[in-house]
Chemist: 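Take this structure, written in structure tokens, and hold onto it; I'll ask about it next.
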Amino acid sequence: IVTPRDRMVRLATHKWTVLSLIAHTRARNAMINDESLRDRLYGLVPNAYLEKLRMIHKKKIPLQTERVRLFEIFLEDLTEWWRDLLKEITLFGIGNSTKPTYMRLADVQHRTRSSQDMLSYVEKMSGSREDNAQLFAALCRSLGIPARLVISIQCPGWTASPSSTKSNAVANSNETPAKIDENDYRGEKWRGLDKPLEVKYQPKLRAIKAKPLKPTEVAAEEADAEPIDTQSPPTMWVEVFSKPWQKWITVDPIRGIVTPTGNRRMEPSNSDKSNRLVYVLAFEEDGHARDVTARYTRTLYSRISRMRPPSTKKGGEETDWWSRVVASVQRQERFARDFEEDEEMQTAASREPMPSSVAAFKDHPVYALEKHLKRDEVIFPAKQAGTFQGTPVFLRANVIACRSSRQWYNEGRVINEGEDALKWVKSRGYTLANKRAEEEARQQGMDGLQEGLYAPFQTEVYTAPPVVDGKIPTNAFGNVDLFVDSMLPPGGVHIPYNGAGKVAKKLEIPYAEAVVGFEFRKHRGMPKIKGIVVAEEYGETVTEAFLEYEEEAAAKDAKRKKEQALKAKRKEINAVKIKARLQRDY
DNA sequence: TTGTTCTAATATTCTTTGAGCATG
DNA sequence: CCATGCTCTTTGAATATTAGAACA
């Protein structure tokens, strides 16, 4: 059972973990730029390799494809050599295997505080998988090859973990719900509880089986920790920029994988609980990072993006947490290679296979099913993109949000003449007047009023009837609809001050009140009036007169207040005087 | 087991033109 | 007497989202 508060805590925990790990990686990424560390690494590289690298140059090898090939071979050789060099691998976080990776913290002697610690890993020729990746990135940078430190951020899920909380939650039944607080934000069941439900942590304990190590596995330092499979996908790796090819090459120095194309070899299996690919960030030498998740998964839209916090709509503006995070670590301007990379990842993502479950189609950014359409949504044009379980699949790009003619009018648009509604839906009567109309219709045998919905392309900007001879054309209520600026009648001007009407009246200038929106209460809509509309030629006069009036009123008000204060003071003084006299006389 | 769908509960959205009274 | 401005209240059903159970 999860309360909204729990949900909030989970989301916050998730976000904090992600941000912390970004900060961590950023620090490490800066650490490996240390000169002495780089010099040390550079010194390790055999001359033959340096020579090979120098050979890959336009002047020496004019053919580009050849240079591309040579660079790849060089990188493979370098990785192979590196793998032989750094043999020992220790577990990054040493801890209990029942905890997921993000819960493991390195103990004190394994903590990396500075580039000096990193240097010591080089001297000892040992380190964790993550250290290894970091050092490899440093090595590439020392050779003058642009290299990125890539992290797959490991974080707790923000959704409820099913069954883990349910059975363990025990209500304090012997405690009588004390006072019921009227302002208690919680639901019926939770109201009155003065402390959170007690949740007993009951870890599932398993006997440790001393399994023989697989050839690819390495024993962890702690006896009860699970062995590390060095052939499993890492959480940190390197991307190396191939100058001849102008593209990033993925390198996992531990597994010795060098792959020039986007691939899934970094994606852990679905069932892997300790390694989940959700966010992948690539840190460049200058400290900026890019979101490269799309390169490493084939289920970005249908699976991965659902593991991220949902975007929230605040005041009609949609904000996505992860996009904001990415924007904050990204370089402000994009280089040519960045544009190319974005395009490449975009195509990779668009080639993502169709979801394999109905649920994954919901809110999918590429595909859409008819059953998931919202009330006001229409598929247009209804071009089928495929079939899923016997029902047609459409493209999300063809899903249009429609509006009724009233809703369009509220945005200052009207339906083009002769347009037919794309969709008819049951009208929702909210106001008493609407309810009554609906009731009447039902009595006449018609069931439910329908209202037509129209797409944006079926509408045009509304033009109000123009001002003629200083007269403002009004609606049935004697005022002007001014929901957006474009609804201002031609030849008119909006004076957005309440009270301007009074002034205009005194000046005998024709005017109409401007309705800028509505307010709702008790099943009734109330117009929000803000100022007036007058003919252009009177605009200045009225504004000036109004400002003058305002000033006068303010002065009057100040005077009145002053008088009142004086009066009160006089009264007070009198009271004191009377009191004194009373005390003296009696 | 595990991923998916169903279902109930909770949260959010949508609506679009008064009335009564005190004051000056 | 009238015009003006202030205050009153903040509904409720449909739709969307979510958690947790049932299901395959």
Side-chain angles (χ1 to χ4, degrees), chain A residues 1-8 10-11 157-169 185-191 204 269-273 299 302-303 306-307 309-316 355-363 369 371-377 388-389 401 403-412 425-438 448-449 451 453 474-484 487 498-503 505-506 512-530 553 556-557 560:
Chain A
I1 302 161
V2 174
T3 60
R5 198 202 184 96
D6 292 338
R7 228 174 92 74
M8 223 176 65
R10 281 196 185 132
L11 257 177
W158 59 272
T159 47
S161 43
S163 76
S164 67
T165 46
K166 179 203 66 182
S167 54
N168 296 333
Y185 67 92
R186 294 173 295 189
E188 194 70 31
K189 282 182 239 170
W190 310 93
R191 207 158 290 160
K204 276 187 196 157
S269 83
N270 254 355
S271 55
D272 194 337
K273 289 280 186 291
T299 56
S302 51
R303 214 171 63 83
R306 266 160 236 273
M307 290 153 86
S311 55
T312 48
K313 254 188 278 173
K314 245 188 216 160
S356 52
S357 72
V358 176
F361 271 101
K362 199 171 187 302
D363 299 323
L369 294 182
K371 65 187 285 189
H372 288 142
L373 286 184
K374 301 203 165 67
R375 193 186 98 107
D376 61 344
E377 281 178 339
F388 177 74
Q389 292 180 357
R403 296 163 177 281
S404 66
S405 56
R406 173 74 212 188
Q407 285 171 312
W408 278 121
Y409 182 65
N410 286 348
E411 302 206 352
V425 293
K426 210 171 88 202
S427 151
R428 289 178 290 192
Y430 284 96
T431 57
L432 295 169
N434 264 356
K435 279 241 163 68
R436 222 169 289 137
E438 210 170 290
L449 288 177
E451 68 182 341
L453 300 181
T474 60
N475 60 21
F477 303 96
N479 45 36
V480 174
D481 294 328
L482 200 63
F483 308 129
V484 290
M487 293 176 88
N498 287 334
K502 221 188 328 189
V503 177
K505 195 171 204 179
K506 212 180 275 172
E513 286 182 317
V515 177
V516 294
F518 288 89
E519 221 170 273
F520 300 93
R521 50 178 194 250
K522 275 209 163 180
H523 276 178
R524 237 183 221 132
M526 286 301 304
K528 262 193 276 188
I529 287 167
K530 190 178 173 198
K556 225 187 257 174
D557 194 53
R560 202 191 44 147

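Every chain is numbered from 1 and lettered A, B, ... according to where its sequence line falls, protein lines coming before strand lines.
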Chemist: Among the candidates B:dT17, B:dG18, B:dT4, find the nucleotide nearest to the side-chain atoms of A:Ser356.
Modeler: B:dT4
Chemist: Rounded to the Å, how far apart are A:Gln389 CD and B:dT4 P?
Modeler: 11 Å
Chemist: Does B:dT15 have OP1 or OP2 under 4.0 Å away from a side-chain N or O of A:Gln407?
Modeler: yes
Chemist: To the nearest 10°, let me know how far the axis at one end of the helix from B:dT2-C:dA24 to B:dC14-C:dG12 is tilted from the axis at the other, five pairs an end.
Modeler: 10°
Chemist: In this structure, how many angstroms lie between the C1' atom of B:dT4 and the CG atom of A:Asn270, rounded?
Modeler: 13 Å
Chemist: Starting at atom CD of A:Glu513, determine the distance to atom P of B:dT17, rounded to an integer number of angstrom.
Modeler: 16 Å
Chemist: Could you tell me if the side chain of A:Glu377 sits less than 4.5 Å from the side chain of A:Leu453, heavy atoms only?
Modeler: no
Chemist: Could you tell me how far apart A:Phe388 (CZ) and B:dT5 (C1') are, to the nearest whole angstrom?
Modeler: 11 Å
Chemist: Please report the shortest heavy-atom distance between A:Lys374 and A:Asp363, naming the atom on each side.
Modeler: NZ-OD1, 4.2 Å
Chemist: Could you work out the separation of C:dC8 and B:dC14 based on their P atoms and round it to a whole Å?
Modeler: 29 Å
Chemist: Please give the distance between the P atoms of B:dA22 and C:dT9 as a whole number of Å.
Modeler: 15 Å
Chemist: If the threshold is 4.0 Å, N to carboxylate O, is there a salt bridge linking A:Arg406 and A:Glu451?
Modeler: no
Chemist: For the pair A:Phe361 and A:Phe388, name the ring-plane relationship: parallel under 30°, tilted 30 to 60°, perpendicular over 60°.
Modeler: tilted
Chemist: Using atom CG of A:Asp6 as one end and atom P of C:dT18 as the other, report the distance to the nearest whole Å.
Modeler: 15 Å
Chemist: Using atom P of each nucleotide, how far apart are B:dT17 and C:dT7 to the nearest Å?
Modeler: 24 Å
Chemist: A side-chain contact here means heavy atoms from C-beta on lying under 4.5 Å apart; do A:Phe477 and A:Val515 qualify?
Modeler: no
Chemist: Specify the separation, in whole Å, of atom NZ of A:Lys528 and atom P of B:dT15.
Modeler: 15 Å
Chemist: Using side-chain heavy atoms (C-beta onward) and a distance below 4.5 Å, is A:Val358 in contact with A:Lys371?
Modeler: yes
Chemist: Between the protein and nucleotides 13-17 of chain C, list the N/O to N/O atom pairs that are separated by less than 3.5 angstrom.
Modeler:
{"residue": "C:dA16", "atom": "OP1", "partner": "A:Arg375", "partner atom": "N", "Å": "3.4"}
{"residue": "C:dT17", "atom": "OP2", "partner": "A:Lys362", "partner atom": "NZ", "Å": "3.3"}

Chemist: For A:Val484 and A:Gly412, work out which heavy atoms get closest and say how close.
Modeler: CG2-CA, 3.7 Å
Chemist: Of the nucleotides B:dT17, B:dT4, B:dG18, which one has an atom closest to the side chain of A:Met526?
Modeler: B:dG18
Chemist: Where along nucleotides 3-9 of chain C does protein come under 4.0 Å, by heavy atom, of base (B) or sugar-phosphate alone (S), with - for untouched nucleotides?
Modeler: -SS--BB
Chemist: Below 3.5 Å, does any donor atom in the side chain of A:Asn475 face an acceptor in the base of B:dT17, or the other way round?
Modeler: yes
Chemist: Using modelled atom types only, decide if a donor and an acceptor are shared between the side chain of A:Arg303 and the backbone of A:Ala360 within a distance under 3.5 Å.
Modeler: no
Chemist: Give the minimum heavy-atom separation between A:Gln407 and A:Arg403, together with the two atoms involved.
Modeler: OE1-CA, 3.4 Å
Chemist: Roughly, in whole Å, what's the span from OH in A:Tyr409 to P in B:dT17?
Modeler: 12 Å
Chemist: Please give, in whole Å, the distance from B:dT17 P to A:Glu519 CD?
Modeler: 14 Å
Chemist: Nearest 0.5 angstrom please: A:Arg306 CZ to A:Trp158 CH2, how far?
Modeler: 10.5 Å
Chemist: Compare every heavy atom of A:Lys426 with every heavy atom of A:Arg375, then report the nearest pair and how far apart it is.
Modeler: NH1-O, 2.8 Å
Chemist: Just verifying a value: how many Å separate A:Phe520 CZ and A:Lys528 NZ, rounded to the nearest 0.5 Å?
Modeler: 8.5 Å
